[in-house]
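What you are looking at is a predicted structure, and each value in this text was computed from that prediction instead of being measured.
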Amino acid sequence: MNKPSILLDFSLLKTHATFRAVFCARFISILALGLLSIAVPVQIQSMTGSTLLVGLSVTLAGSGMFIGLLMGGVMADRYERRRLILFARSTCGLGFVGLCINAALPVPSLTLIYLLAVWDGFFGAVGVTALLAATPAIVGRENLVQAGAISMLTVRFGSILSPAIGGLVIASGGVAWNYGLAALGTGLTLIPLLRLPQLAPPVQKREHPLRALISGFAFLLQNRVIGMVALVGALLTMASAVRVLYPALSGMWQVSVSELGLMYAAVPLGAAVGALTSGRVANVARPGWLLLLSAIGAFVAVGLFSLMPWFGLGLAFLVIFGYLSAINALLQYALIQNLTPDDFLGRINGLWTAQNVTGDALGALLLGAMGSVMLPAITSASFGFTAALLGVVLAFAMRALRHTVTGGQQAQPAPAAAVSEK
């Protein structure tokens, strides 16, 4: 039998009509959200002239998203998932309409912008969690890595394209047009999503939503493999916050503002290459081992990049970090989706995604604090090598994760390292 190609296989878009519909909806949604992401800070800055108030909008949206991920996980395990996805997307669209109307007023309301930021963060997260929980049923668990890589590429390219379009729209028509186009785009996503089949939640006992959320936390802590995957993911997400040091490091290399932009582009470029060359990731015999090794390699790349004497070498290590992070993220996604029972998929996906939000914020806070007392190059190197050392310790300690094997193309815990059920 021929070895699978190292390049990503896009055949899933041809063979699975439902996934193709999700792909189209996701791409339109990313473009719409990109228009929104640039409009909100531009409008608040022009209204107030305060970067603090701009940052507050991001914090409020992130808070709404965090709560939405937790509660969305509970709802995805309790309610019909197709209906929940459509409801969440529609509700987000109403929020964008509200932002558009507010921007068109003679004196827009800053309070309303903040309220709608929380609104859209919450309902957007509910929709994302429901869609993650529904993905195994849409594509089959054997195709999760392939579906995850295609989705990752969609996010990367959409995130690059949409802010550029958003800037042009603001320059030509103002932020109200951005909000209006974001609302229109969100409405258009409902057309392909209507093709989703009924996605009934698994049968389970009825319990208070808070108790159901606690049950999700308990499952995450009791299941050795999934808990370890989430821990590695949290550490890697913290490392991605190294970007807060880029402006300070640019002075060390004496680079221009345009070259500073290359630093921000390097990690997404590496991630895109990782997704494009992930064709064999689904067939790895021991995905747990590869997950641990890719995390350690990514930490080492963070430690080395700021120590390079030439700017080009520093960029190369950022690309390597992006590449290894993408491979690691795909393995996290596949292991969690494969090993989580259907009646916990919503809650575990919500908790896993929430750690990405909190991990990035904690990493930025930690690196920022370290950078205030140490040189930026020493800060990055210390953080990266300390994380790599911790990764080595975890690799030896995480026997259950190391021995997780693939059965066919679906990850299973090895008998010698079975998942703990307390």
Side-chain angles (χ1 to χ4, degrees), residues 6 8 12 23 26 30 69 128-129 131-133 135-136 139 141 143-160 220 225-243 266-284 286-302 318-340 345 348-363 387-388 391 394-395 398 401 404 406 411:
I6 190 174
L8 176 61
L12 204 61
F23 172 85
R26 189 191 303 272
I30 290 167
L69 288 169
V128 167
T129 307
L131 187 57
L132 283 171
T135 301
V139 302
R141 291 181 185 259
N143 294 315
L144 283 171
V145 172
Q146 185 181 354
I150 293 172
S151 298
M152 181 182 292
L153 273 179
T154 307
V155 172
R156 293 297 177 185
F157 287 123
S159 299
I160 293 170
L220 187 65
V225 176
I226 295 177
M228 293 169 186
V229 169
L231 176 59
V232 172
L235 292 173
L236 200 59
T237 303
M238 290 180 66
S240 68
V242 71
R243 67 185 181 278
V267 173
L269 173 62
V273 173
L276 276 171
T277 58
S278 62
R280 295 179 183 173
V281 173
N283 299 280
V284 173
R286 291 189 179 275
W289 252 124
L290 182 57
L291 181 135
L292 291 166
L293 292 175
S294 61
I296 294 170
F299 296 142
V300 171
V302 169
L318 286 180
V319 172
I320 292 171
F321 172 73
Y323 175 87
L324 293 174
S325 297
I327 298 299
N328 193 278
L330 288 173
L331 290 165
Q332 290 179 51
Y333 175 73
L335 286 167
I336 286 176
Q337 297 291 74
N338 273 322
L339 297 178
T340 303
L345 267 175
I348 297 304
N349 273 297
L351 291 171
W352 175 59
T353 310
Q355 64 87 11
N356 287 327
V357 177
T358 55
D360 187 67
L362 290 174
L394 292 175
M398 293 180 170
L401 182 56
T404 298
T406 39

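Residues satisfying the side-chain contact (heavy atoms from CB on, under 4.5 Å) criterion with V128, sequence neighbours excluded, are L132. Considering only residues two or more places apart in sequence or on other chains, T353 meets the side-chain hydrogen bond (donor to acceptor under 3.5 Å, both in side chains) condition with none of them. Residues that satisfy the side-chain contact (heavy atoms from CB on, under 4.5 Å) test with L276, not counting sequence neighbours, are F10, L153. With sequence neighbours left out, the side-chain contact (heavy atoms from CB on, under 4.5 Å) criterion links L330 to A149, M152, S278. Taking the side-chain contact (heavy atoms from CB on, under 4.5 Å) definition, one finds that A298 meets it with L236, F321, L324, S325, sequence neighbours left out.
Of all heavy-atom pairs between I6 and R280, the closest is N-NE, 3.9 Å. S294 and N328 get closest at one heavy-atom pair: OG-ND2, 3.0 Å. Between I320 and A301 the shortest heavy-atom distance is CG2-CB, 4.2 Å. Contact record, I336 with T340: O-OG1, 2.6 Å, taken as the closest heavy-atom pair. Taking both residues in full, the closest heavy atoms of L318 and V267 are given as O-CG2, 3.7 Å, listed atom of the first, atom of the second, then distance. Residues M398 and L231 share a closest heavy-atom pair of CE-CD2, 3.7 Å.
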Inset, instruction - Evaluate the side-chain contact (heavy atoms from CB on, under 4.5 Å) criterion for residues V273 and V319: first the C-alpha distance (whole Å), next the side-chain angles of each, then the deciding distance (0.1 Å), finally the verdict. - result: CA-CA 9 Å; V273 173; V319 172; 5.7 Å; no

Inset, instruction - May I have the step-by-step check of side-chain contact (heavy atoms from CB on, under 4.5 Å) for D360 and R243, ending in yes or no? - result: CA-CA 10 Å; D360 187 67; R243 67 185 181 278; 2.7 Å; yes

Inset, instruction - Kindly determine whether L235 and F299 satisfy side-chain contact (heavy atoms from CB on, under 4.5 Å), including the steps that lead there. - result: CA-CA 9 Å; L235 292 173; F299 296 142; 3.8 Å; yes

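Note that the CG atom of N143 and the OG1 atom of T135 stand 11.5 Å from one another [nearest 0.5 Å]. Taken to the nearest 0.5 Å, the CD atom of Q337 stands 6.0 Å off from the CG atom of L144. A distance of 12.0 Å separates CG in L335 from CE in M228, rounded to the nearest 0.5 Å. Atom-to-atom distance recorded for T358:OG1 and M238:CE is 9.5 Å, nearest 0.5 angstrom. Put simply, CG on L69 and CD on Q355 are 10.5 Å apart, with the number rounded to the nearest 0.5 Å. Atoms CD1 and CG, from I348 and L220 in turn, are 5.0 Å apart once rounded to the nearest 0.5 Å.
Sorted by first then second residue, the salt bridge (Lys or Arg N to Asp or Glu O under 4.0 Å) pairs that include residues 325-336, not counting sequence neighbours, number zero.
With a 4.5 Å cut-off on side-chain heavy atoms, T404 and V229 do not count as touching. Contact check for Y323 versus T277: side-chain heavy atoms found under the 4.5 Å cut-off. Looking at heavy atoms from C-beta onward, I226 lies out of side-chain contact with W352 at the 4.5 angstrom threshold.
Side-chain atoms of R141 do not come within 3.5 Å of backbone N or O of P136 as any donor-acceptor pair.
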